[in-house]
Amino acid sequence: MKIFFTAEYNEEELKPLYEMGEVIKDGWALGLPKMDEEELAEKVRDVDMIITSYDDITRKVIESAPNLKLIACTRATPVNVDMAAAKERGIPVLYTPGRNSDSTAEMTIGLMLSIARKIPMAYRALKEGKYTGNPDAHKETKAGLKADVIWDMKMDAPYMVFKGTQLKGKSLGILGYGSIGKRVGRIARAFGMQLLIYDPYQGEVDIEEIGIRKVNTLAELMRESDFVTCHMKVTPETKGIVSREMIALMKPTAYFINASRGAILDEEALIDALREKRIAGAAFDVYASEPIASNHPYVTELDNVVITPHIAGATDDVLVNHTKQIVADVRRFLNGEHLLYQYRY
């Protein structure tokens, strides 16, 4: 069994694969760039399996490999695999749902805390030398009093500049209550937040309990939430679902969080809302176009946003998870057993 391997991986979890066949590492697995179609098509001519993360497994690549029996993609959705071409050949496609759900959920909460408490803004100010003191200064405490640290109550004092909002007691609207959305909800509940859920594919009986309520419309969620976070896949139904009309319903004190996909949002409409201070702020890990442009308003203009460069799933734990999933299912495939992570065409 010849296995062409260009995926990100965890070495310890990959070891059982070496016993299943000849593993040929190339491309991303060796720290090299994503392969172009011609190179990949040439290199897979005599392989039985392709395991990848980011290489495009196109029709040409699939047709160039007459012995190909299995394709595996270490991602939550195998967007880089031509599913129609694989189906025509009867080639199963493996993927790794849930591999980064915990990491993304934690990042979402981190973004919420960052914008609610203005943590990156305060950090940047200190690194730039603002609100710092003279290293030689010595503060005297008056007799009879305990040592105290307090800022002057001026409008330019950090206590005023970085005054934020706590999560406890606030309502969190979650768009999409799947693997990641549920995890975000569980963490948010530990903070003492109330949850509003919008997900047409989840029934009330599967969601509702004390402190968690399913809403019937997106408009209801947008109107009532103090924080809104998105965890939807991009489909014809969800593309642009957070529209200008929906954004206009948000409270002026509300925050918008997106660590899923930029396509679910009317980005220009949200920029306008942030620019005009019609909402309190936003935090993003994803954008309409990536990488985010150097002249984007989030970068150059707006001071009420927190931005990160699409890193919600960037943890070592994700590599452990998806390596385990793929290796286990390759073993099942070789043993003729039911596949747990086969993508349904």
Side-chain angles (χ1 to χ4, degrees), residues 1-97 99-100 233-234 261 263 289-291 309-311 313-316 318-337 339-345:
M1 189 64 61
K2 203 166 187 178
I3 305 169
F4 191 71
F5 190 93
T6 67
E8 286 188 291
Y9 66 97
N10 173 270
E11 178 61 27
E12 190 62 31
E13 299 299 336
L14 192 67
K15 286 179 179 178
L17 190 68
Y18 302 144
E19 301 171 4
M20 302 179 205
E22 178 189 0
V23 179
I24 304 163
K25 293 181 183 176
D26 205 333
W28 200 280
L30 299 178
L32 300 173
K34 179 177 169 178
M35 289 189 198
D36 63 34
E37 185 181 46
E38 293 295 332
E39 180 184 6
L40 187 55
E42 181 62 33
K43 289 185 173 181
V44 300
R45 288 190 179 281
D46 61 344
V47 307
D48 300 288
M49 295 184 190
I50 297 173
I51 301 178
T52 190
S53 293
Y54 307 111
D55 291 301
D56 294 330
I57 311 303
T58 63
R59 178 176 293 275
K60 180 174 181 176
V61 171
I62 292 171
E63 290 178 348
S64 71
N67 299 330
L68 191 59
K69 303 174 182 65
L70 184 72
I71 299 169
C73 177
T74 64
R75 298 173 74 175
T77 306
V79 294
N80 51 318
V81 178
D82 188 324
M83 302 304 298
K87 183 177 182 181
E88 289 171 18
R89 286 273 303 276
I91 299 172
V93 176
L94 305 181
Y95 72 124
T96 53
R99 68 172 187 139
N100 63 359
K233 293 181 179 179
V234 179
R261 287 292 182 266
S289 177
E290 295 184 23
H310 202 150
I311 56 171
T315 65
D316 292 331
V318 170
L319 304 190
V320 171
N321 293 341
H322 74 218
T323 305
K324 277 184 178 179
Q325 289 174 284
I326 290 297
V327 170
D329 242 16
V330 168
R331 187 186 297 281
R332 293 185 191 96
F333 176 78
L334 294 176
N335 292 338
E337 300 171 359
L339 301 177
L340 298 184
Y341 305 113
Q342 182 176 356
Y343 193 80
R344 300 303 171 187
Y345 302 112

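Just so you know, residue 1 is the first one in the sequence shown, and it goes up from there. The analysis underlying the following values was restricted to heavy atoms, covering all of them including side chains, and did not include hydrogens, waters or symmetry mates.
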Counting neighbours of [atom1] on [X] that are heavy atoms of other residues, nucleotides or ligands and sit closer than 6.0 Å, is the number greater than 12?
X	atom1	value
Tyr343	OH	no
Lys25	NZ	yes
Arg261	CZ	no
Asp316	CG	no

Approximate separation, where rounding is to 0.5 Å, of [X] [atom1] and [Y] [atom2]:
X	Y	atom1	atom2	answer
Met35	Asp26	CE	CG	3.5 Å
Phe333	Leu340	CZ	CG	14.5 Å
Thr323	Glu11	OG1	CD	9.5 Å
Leu334	Met1	CG	CE	5.0 Å
Ile57	Asn80	CD1	CG	6.5 Å
Glu39	Lys34	CD	NZ	13.0 Å

- May I have the step-by-step check of side-chain contact (heavy atoms from CB on, under 4.5 Å) for Val327 and Met20, ending in yes or no? CA-CA 9 Å; Val327 170; Met20 302 179 205; 3.7 Å; yes

- Query: Hey, does Pro97 have a side-chain heavy atom less than 4.5 Å from the side chain of Gln325?
  - Reply: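 Yes, their side chains come closer than 4.5 Å.
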
Do any N or O atoms from the side chain of [X] and from the backbone of [Y] form a donor-acceptor pair under 3.5 angstrom?
X	Y	answer
Lys69	Asn67	yes
Glu37	Asp56	no
Arg89	Ile62	yes

To check you understand the geometry: which heavy-atom pair defines the closest contact between [X] and [Y], and what is its length?
X	Y	result
Glu8	His322	O-NE2, 2.8 Å
Tyr9	Leu319	O-CD1, 3.8 Å
Ala41	Ser64	O-OG, 3.1 Å
Ile71	Ala86	CD1-CB, 4.4 Å
Gly313	Val318	O-CG2, 3.3 Å
Tyr95	Ile326	O-CD1, 4.3 Å

- Non-neighbouring partners of Lys233 that pass side-chain hydrogen bond (donor to acceptor under 3.5 Å, both in side chains), sequence neighbours left out: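 Lys233 satisfies side-chain hydrogen bond (donor to acceptor under 3.5 Å, both in side chains) with no residue once adjacent residues are dropped.
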
- Task: Using the test side-chain hydrogen bond (donor to acceptor under 3.5 Å, both in side chains), find all partners of Asp55 that sit at least two apart in sequence or belong to another chain.
- Result: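 Counting only residues at least two positions away or on another chain, Asp55 forms a side-chain hydrogen bond (donor to acceptor under 3.5 Å, both in side chains) with Thr6, Thr52.
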
- Query: Among Val93, Val330, Asp329, Thr96, whose side-chain contact (heavy atoms from CB on, under 4.5 Å) with Tyr341 holds?
  - Reply: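 It is Asp329; the other options fail the test.
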
- Query: With the threshold set at 4.0 Å, does a side-chain nitrogen-carboxylate oxygen contact exist between Glu38 and Lys60?
  - Reply: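 Here Glu38 pairs with Lys60 in a salt bridge, since their nearest N and O are under 4.0 Å apart.
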
- Task: Mind running side chain to side chain donor-acceptor pair (under 3.5 Å) on Ser53 and Thr74 for me, showing each step along the way?
- Result: CA-CA 5 Å; Ser53 293; Thr74 64; 2.5 Å; yes

